[in-house]
Each structure stands twice: as C-alpha cells, then as structure tokens.
Protein chains: 2
Amino acid sequence: MKTQLDPSADLSIQIATAIRDAIISGALPVDERLPSESELCETFEVGRSTVREALKRLAAQSLIRTQRGATGGAFVNRLSYADAHAQQITTSTLLLSMNAVNFETACEARFALERACAPLSAKRRTPDQLATMRAEIHRQGQTGLSDEAWCASDVAFHRALVDGAANPVLSYQLAGAVEAMQPLMNMITFTARSRDHIIGLHTDIADALDARDAATVDQKLADLAHYTTQLALSVFAARQATQKTS
Amino acid sequence: MKTQLDPSADLSIQIATAIRDAIISGALPVDERLPSESELCETFEVGRSTVREALKRLAAQSLIRTQRGATGGAFVNRLSYADAHAQQITTSTLLLSMNAVNFETACEARFALERACAPLSAKRRTPDQLATMRAEIHRQGQTGLSDEAWCASDVAFHRALVDGAANPVLSYQLAGAVEAMQPLMNMITFTARSRDHIIGLHTDIADALDARDAATVDQKLADLAHYTTQLALSVFAARQATQKTS
DNA sequence: GCAAATTAAATGTCAGACTTTTAGAAACGG
DNA sequence: CCGTTTCTAAAAGTCTGACATTTAATTTGC
C-alpha cells in the first residue's frame, strides 16, 4: 500500500487514493482492519490530521467504517446495497438538479430502464409485490391526496415493479433513478383527471403482471411514459404562460 | 444552514450532513462560495479540524471543490457527468466484488439495461458511433489480442451503443454498469471460437443499428446475453473441475 | 504606466494535548 | 471458582496554536 507521495499535490488525497486502490484491488479484504492512525502517520510520514482527512474521504464513500475504543480502528466496509442505493440517489438527484436535464430526457431514461426489467418482473414478481402495487393503486384513488403523497405512492408502486425483477443489481440502479426523479415529478400538479388516467395504466400494469404478460406490461409502461411526458410538457407550458401574464 | 449539533454523535458528520442538505435543497447554489473554515468554526462552534474533516467528506463526493489562496475557499461543485460516472463505476465495482453477486445476476442486469436503450440507439445513433463500433469489431477480429484487450474493446463497443441513445442520464447509468462488469468479464478466457461467435453477434448488432432496426438489435442483444451467460458458466465449471483434480 | 515586491487571506500540514469510547485485564468479593 | 466491579490501555474524536503554501490584490519603485 505504501507509495511515495508527491509533496506538491495534496497529501490527504494521495493517501486516500492509495488506500482506495488497495481496497478496490482486493489487497485489503472486507472487514480487514487498517493500521491505526498513528501507524499510518509513520507509514506515510505525515501528520495525524492529514491521515484523518484521508480516512474521512474514504468514510464518505462508505469504503471504510471507523470504530472507537480499544479494539477500534478503521475497517474495510462491505458495501451494502442500501449504501450504494443512497449514494446513487444523491448523485442522480444532484445531476438532475444541477445540470438542467430537461424533463423529457430524465423521463425517457427512467422509463427505458423500467421497461428493461418489465419482462423479468412479469416472470418473477411475488404475490406480495403484486399486493403492494394494488395497495398503492388503491391509495392513489383516494380523494384529497396531496401531490407529494401521490408522488410518493407512485414511487412505491414502481419500486415494487422493479423489485419484482428479483435482481438486486437492477433494483439498486433503477430504484435510484426512479427516486431521483421524484423531486422533478413533485413539481407537476396532477389534476384529478390525469390521476385517473395514470391509475388506469397502473391497474393495467398490475393486471398484466398478474397474468405474467410481459408484452402488455411493456406496452402500458410505454403508454405511461408517453402520457407522463405530455402531461409534464403541458403543465410546464401552462406555468410559463401564467408567468408571462403576471 | 446552522443547526444545533448533538455532542453525543460525531460532529464532523453532522456538519457535513448540514452542508450537504443545504446543497441538495438548493439553498447553496452551484459555484456559491461556502464560508471560510474559520467562519464555519464560529458558526458551528467547533474546532477547525472538525470543520475540515466535514469538508473533506463533501469533497470526496464531489459536492464541493476547494481552492487555495487569497480568493480561495470551498465552492459548491456542479456535478459533472464525468464525476457521476466515476462514482458510479467505483460503487458498482465494489458492490459486485464484495457481495458475491453471481455472474448470472450481473450479466442479466447489464443486458437488461443495455436492451433498454437499444430502441433509442437504433433511432438516434450517429454515423460516428457506428464507425466506432465497426472499428472495435475489426479490432476484436485480430489474432493475438489478449483477453484484457478483448474485454476493453468489448466495453468500447457497448459504450458506443449506449451513447447512441443520446440520453446522458442513460449513458451515465449504463456505462457505469457495463464498465463495472469488466473485471468479472476479464476472469473469463475467451477462446477463438467464442470470440468469433461474439464478433458475429456484434456485427449483426451494428448492421441492425445501421438499418435502424430496433427489433433485431434487441433480439441480438438477447442472444448475446444468453451466449455470454452460458459461456461464463461453462468456463467457471471447467475451472472448478480443474481445481478439484489438483 | 508598468513591473516588481509586499501583504493578506485562505487552505494545507504539523505537533501536542485533551476527551471519549471501548474492550480486556486485574482486583475484589461471594 | 465464578461473577462483578474497577482499572487500564488503545484507539478515534476534538481542540488549539503554529507554520507552510498558494494566490490575488495592493503597494511600491522606477
């Protein structure tokens, strides 16, 4: 792990990189304990704060965890799907909000990914996941549901669909994308009429999954993608018109 | 941004979280300069090392960048697709290597995602991207190509296919998945016979994209997924048999 | 008016002390 | 001999103060 450091660049970055490389390459296996901070100081011949800043960088990426106390120290962390999922959501959310990705692009990506797991979900979905979808559809039909609650339920519905594919790698990638889009979706006002239409499509999707009819699931997801995009465009257009008159 | 800190938990984590929330919520816009370290010390009433460790955590996630000198400081970073892409690859790679995701699961996810952008790529691929694919196919046909070089070319081919969808959100998500799988693919020995078969499928895919024939692209990707999975399984089985005899 | 030197502000690094947490060892008592 | 309590040591977390380095703005000198 020891590498010569270039004093002209930031030391804590170099140390973090060296340790990260050791972890990624497998030289430091999961749950292996790193040397203590003092030992790392001697190894790299730097001050303790420098070592600590390097370790914090790694901790921020969930590559290590630290534990205080006598047998404590820094340990190589087994990256959990939950950790990866959280990072994915943060990254995707920031990417969407900071780069002015237009709604169409985000929507297209989301539904393209979701359609990718439709056939798998049709094959493997459990009765439990179907029940979750039905429950969310029922909730979506309730009057007086706020736009936020509506969107949250929408996410839960699609999350169940994705989980139905029973592929954790797909779930982690996709659920991140779906949830990252929620802030964008929250900006849309869903009228009672548009809600009814979406609920209809959701019902069709659930029915098709029930019947393990992959083609119909795919078709209805495509319809939903098209409808959502059109709806968003009209809502944004209307909002822009309002702003001009005011 | 100022929030009361709980002295029982780690201060640097709380400070990092507070600033991160401010960034994600948009309270701190892109390129906004954070208060200097000394000012943050006073705001949160902690020592400078604590503030610095918090900032390093954020820097590790590309949420901020720091600049030295008179007009320096920490600035809210505009997350670039390149940054997001790099993080995605690291996360996905670790997830696959640390969680004993079996090859079938990873492969299934990868091709499911890739098939998701096949129809878009068929519609939008540029002549340039087609040329890249043809070039990689040509390279793959050369004799004496190492397994690593073969896999790298394979990644480049699929990357061009994904980029053909002309959706940056899809590119970032998918290219990460494709590249994260490369270490797993590198573990497979590709015989001349299997290479020929894959090259044939690649050619079919390129031809179908050329003709903007989405259905055939999808079909050939499915074939490729199936073939790759079978090939991997047989390679792993053969390796296991060898180990038993030794 | 332009170039060089100075200054000031900011991050990066270091050293040392202290605090807190924690597991294990030692002492104690039944 | 066993269980409980106390002590101890190791380690991360925090604080303070100092110095180094980088960089832009300011001042100075010509």
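Below, chains carry the letters A, B, ... as their sequence lines are ordered, and counting in each starts from 1.
For B/R48 and D/dG17, a side-chain-to-base donor-acceptor distance below 3.5 Å is absent, hydrogens and geometry of angles not being considered.
For the pair B/S36 and C/dA9, the criterion of a side-chain N or O lying under 4.0 Å from OP1 or OP2 is not met. At least one side-chain nitrogen or oxygen of A/T50 sits closer than 4.0 Å to the OP1 or OP2 atom of C/dC14. Distances shown here put a side-chain N or O of A/R52 below 4.0 Å from the OP1 or OP2 atom of D/dG13.
Spacing between atom CD of A/E53 and atom C1' of D/dA12 amounts to 15 Å, rounded to whole angstrom units.
In this structure, B/R65 pairs ionically with B/D31, as a charged nitrogen and a carboxylate oxygen lie closer than 4.0 Å.
Residue contacts for B/S38: at a heavy-atom cut-off of 4.0 Å it reaches no nucleic acid atom on any strand shown.
Closest to the A/E37 side chain, of the nucleotides C/dT13, D/dG13, D/dT14, is D/dG13.
Among A/Q88, A/H158, A/R159, the one residue that satisfies the side-chain hydrogen bond (donor to acceptor under 3.5 Å, both in side chains) test with A/E179 is A/R159.
Taken residue by residue, residues 55-73 of chain A places heavy atoms nearer than 4.0 Å to DNA chain C at A/R68, A/G69, A/A70, A/T71.
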(Q) Using the rule given for salt bridge (Lys or Arg N to Asp or Glu O under 4.0 Å), can you reason through B/R124 versus B/D163, listing the C-alpha separation, both sets of side-chain angles and the distance that settles it, and then say yes or no? (A) CA-CA 9 Å; B/R124 303 179 189 158; B/D163 286 341; over 6 Å; no

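Looking at B/S153 and B/E136, their side chains do bring a donor and an acceptor atom within 3.5 Å of each other. Counting only N and O atoms by type, the side chains of A/T126 and A/Q129 include a donor and acceptor under 3.5 Å apart.
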